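The next block holds one structure in the form of structure tokens; read it before the comments.
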Amino acid sequence: QVQLMESGGGSVQAGGSLRLSCTISERTVNTVVVAWFRQAPGKEREGVAGFVISSGGTVYADSVKGRFTISRDNAKNTVYLEMNNLKPDDTAMYYCAAGIPKNYGAILLSRSYNDWGQGTQVTVSS
């Protein structure tokens, strides 16, 4: 079972930056993709970015392209989400997830993942 723990959330003003961390404890089965999702109150969970462990390939939602960067530190077994130029619409609970999506098109779909962290809150004020 893969265990994930997020950290780094907080409150910032619009235009500010935050870096989220997802530390992964992997006991069994290789993790193929680690992805970040977010969910705002009253809205569905939305895929934000995904990182393919074997290739280093990345996938981003259109809403965050050019502002967010996902990366991995192998030594620390941690996946980061660097968020720049934050907007009030980015306010949400952010979750990381690990799993084996069927293809690139499934990387930002929540149903592709069985292992989830507890989440970290990001609040952006105008």
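No hydrogens, no waters, no symmetry mates; every other heavy atom, side chains included, goes into these values. What you see is a predicted model; the values in this text were computed from it and never measured.
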_Would a single hydrophobic cluster contain both Trp116 and Ile100, if residues Ile, Leu, Val, Met, Phe, Trp and Tyr are joined by side-chain heavy-atom contacts under 4.5 Å?_
yes
*State, yes or no, whether a side-chain contact exists between Met83 and Trp36 at a heavy-atom distance under 4.5 Å.*
no
*Of all the heavy-atom pairs spanning Thr58 and Ile70, show the shortest one and how long it is.*
CG2-CG2, 3.6 Å
_Please evaluate residues Tyr60 and Leu108 with respect to the criterion side chain to side chain contact (heavy atoms under 4.5 Å, CB included), reporting the C-alpha separation (whole Å), side-chain torsions for both, the decisive distance (0.1 Å), and the verdict._
CA-CA 8 Å; Tyr60 294 95; Leu108 295 185; 5.9 Å; no
_Any side-chain heavy-atom pair of Met93 and Val122 under 4.5 Å_ = no
*Are the side chain of Glu46 and the backbone N or O of Arg38 linked by a donor-acceptor pair below 3.5 Å?*
no
*Do Val52 and Ile107 come within less than 4.5 Å of each other through their side chains, counting heavy atoms only?*
yes
*Where do Thr78 and Thr23 come nearest, in terms of heavy atoms and distance?*
OG1-OG1, 3.5 Å
*For Glu6 and Cys96, indicate whether the former's side chain and the latter's backbone hold a donor-acceptor pair under 3.5 Å.*
yes
_Looking at every non-hydrogen atom in both residues, tell me the closest pair between Ala106 and Ser112 and how far apart they are._
O-OG, 2.7 Å
*asked:* I'd like to know whether Arg67 forms a side chain to side chain contact (heavy atoms under 4.5 Å, CB included) with Asp90, so could you lay out the CA-CA distance, the side-chain angles of the two residues, the decisive distance to 0.1 Å, and finally the verdict.
replied: CA-CA 11 Å; Arg67 301 189 298 123; Asp90 295 319; 2.8 Å; yes
*Once you round to the nearest 0.5 Å, how far does OG of Ser17 lie from CG of Asn85?*
8.0 Å
*Closest approach of Leu18 to Gly8 (non-hydrogen atoms, all atoms of both residues)*: CD2-O, 3.9 Å
*ILVMFWY cluster, Leu109 and Tyr104 together (side-chain gap under 4.5 Å)*: no
*What are the two closest non-hydrogen atoms of Val34 and Cys22, and how far apart are they?*
CG1-SG, 4.4 Å
_Given Tyr80, which partner from the list Thr69, Asp73, Leu20 fulfils the side-chain contact (heavy atoms from CB on, under 4.5 Å) test?_
Asp73
*Search all heavy atoms of Val64 against all heavy atoms of Val48 and return the closest pair with its distance.*
CG2-O, 3.5 Å
*Candidates Tyr113, Tyr95, Tyr94 - the one meeting ring pair (Phe, Tyr, Trp, His ring centres under 6.0 Å) with Phe37*: Tyr113
*To the nearest 0.5 Å, tell me how far Ser11 OG sits from Leu86 CG.*
11.0 Å
_Donor-acceptor contact present, side-chain Thr91 to main-chain Val124, <3.5 Å_ = yes
*More than 12 heavy atoms from other groups under 6.0 Å of CG on Asn114*: no
